[in-house]
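In what follows, chains are A, B, ... by sequence order, proteins preceding strands, each numbered from 1.
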Number of protein chains: 2
Amino acid sequence: MQAIVNISLKEGVLDPQGRAIARSLGDLGFSEVNDVRVGKQILLDVDETDPARLRQRVARMCETLLSNTVIEDYSIDIADET
Amino acid sequence: MQAIVNISLKEGVLDPQGRAIARSLGDLGFSEVNDVRVGKQILLDVDETDPARLRQRVARMCETLLSNTVIEDYSIDIADET
């Protein structure tokens, strides 16, 4: 099954990359852009058929490796889950 | 309105960052992980009330700055669109 993890900086954490993109977009004429935040999207292909257990395992992966929980939030989507 | 842009490497493009994460997860005992691909998620806050026009503008941003269309695919979600 596939799991999608979206990792974003927590509210209030400075995002210099987003700031740089916002400024560049402004310079390119996209003056309607107020704010840009940049996060990561991690696609995992996992040998696991139980969506609930997959979600639990992926949460463990986020806590131990994928995200820095001090400054980042993560959310998990399971592709085959309805 | 908010637009979310997901940028991922095209199929067949080598993803060393994903490879490194997959190996690290294996080392940490997550041996069920087959493959990992890493992409970017860009959240844009834009002064635009028309979802169709917003999508069009954001597509232009992707083509000109946000994504490298030679090796990356992008998809656009409009937050308030139903």
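When each of Ile42(A), Val38(A), Asn6(A) is scored by its heavy-atom pairs under 4.5 Å with chain B, the top score falls to Asn6(A).
By the 4.5 Å heavy-atom criterion applied to side chains, Thr64(B) and Phe30(A) are counted as neighbours.
Clustering ILVMFWY residues whenever any of their side-chain heavy atoms sit less than 4.5 angstrom apart, transitively, puts Ile4(B) in a cluster other than the one holding Ile4(A). Cluster annotation: Tyr74(B) is not connected to Val13(B) through the hydrophobic network of ILVMFWY side chains, with a link wherever side-chain heavy atoms come within less than 4.5 Å. The hydrophobic cluster containing Leu43(A) does not contain Ile76(A), counting ILVMFWY residues as joined when their side-chain heavy atoms lie under 4.5 angstrom apart, directly or transitively. A single hydrophobic cluster is not seen to contain both Val5(B) and Leu9(B); linkage of ILVMFWY side chains at heavy-atom distances under 4.5 Å, directly or through other members, places them apart. Cluster annotation: Ile71(A) and Leu14(A) are assigned to distinct hydrophobic clusters (Ile/Leu/Val/Met/Phe/Trp/Tyr, side-chain heavy-atom contacts under 4.5 Å, transitive).
In this structure, Leu44(B) CG and Glu32(A) CD are separated by 9.5 Å, a value rounded to the nearest 0.5 Å. Residue Asp45(A) holds its CG atom at 5.0 Å from CG of Asn34(B), rounded to the nearest 0.5 Å. A distance of 10.5 Å separates CD of Gln2(A) from CZ of Arg37(B), quoted to the nearest 0.5 Å.
In this structure, chain B has a heavy atom under 4.5 Å from the side chain of Leu66(A), while its backbone stays farther away. Proximity to chain B is limited to the side chain of Leu28(A), based on heavy atoms less than 4.5 angstrom apart. In this structure, chain A has heavy atoms under 4.5 Å from both the backbone and the side chain of Ile21(B).
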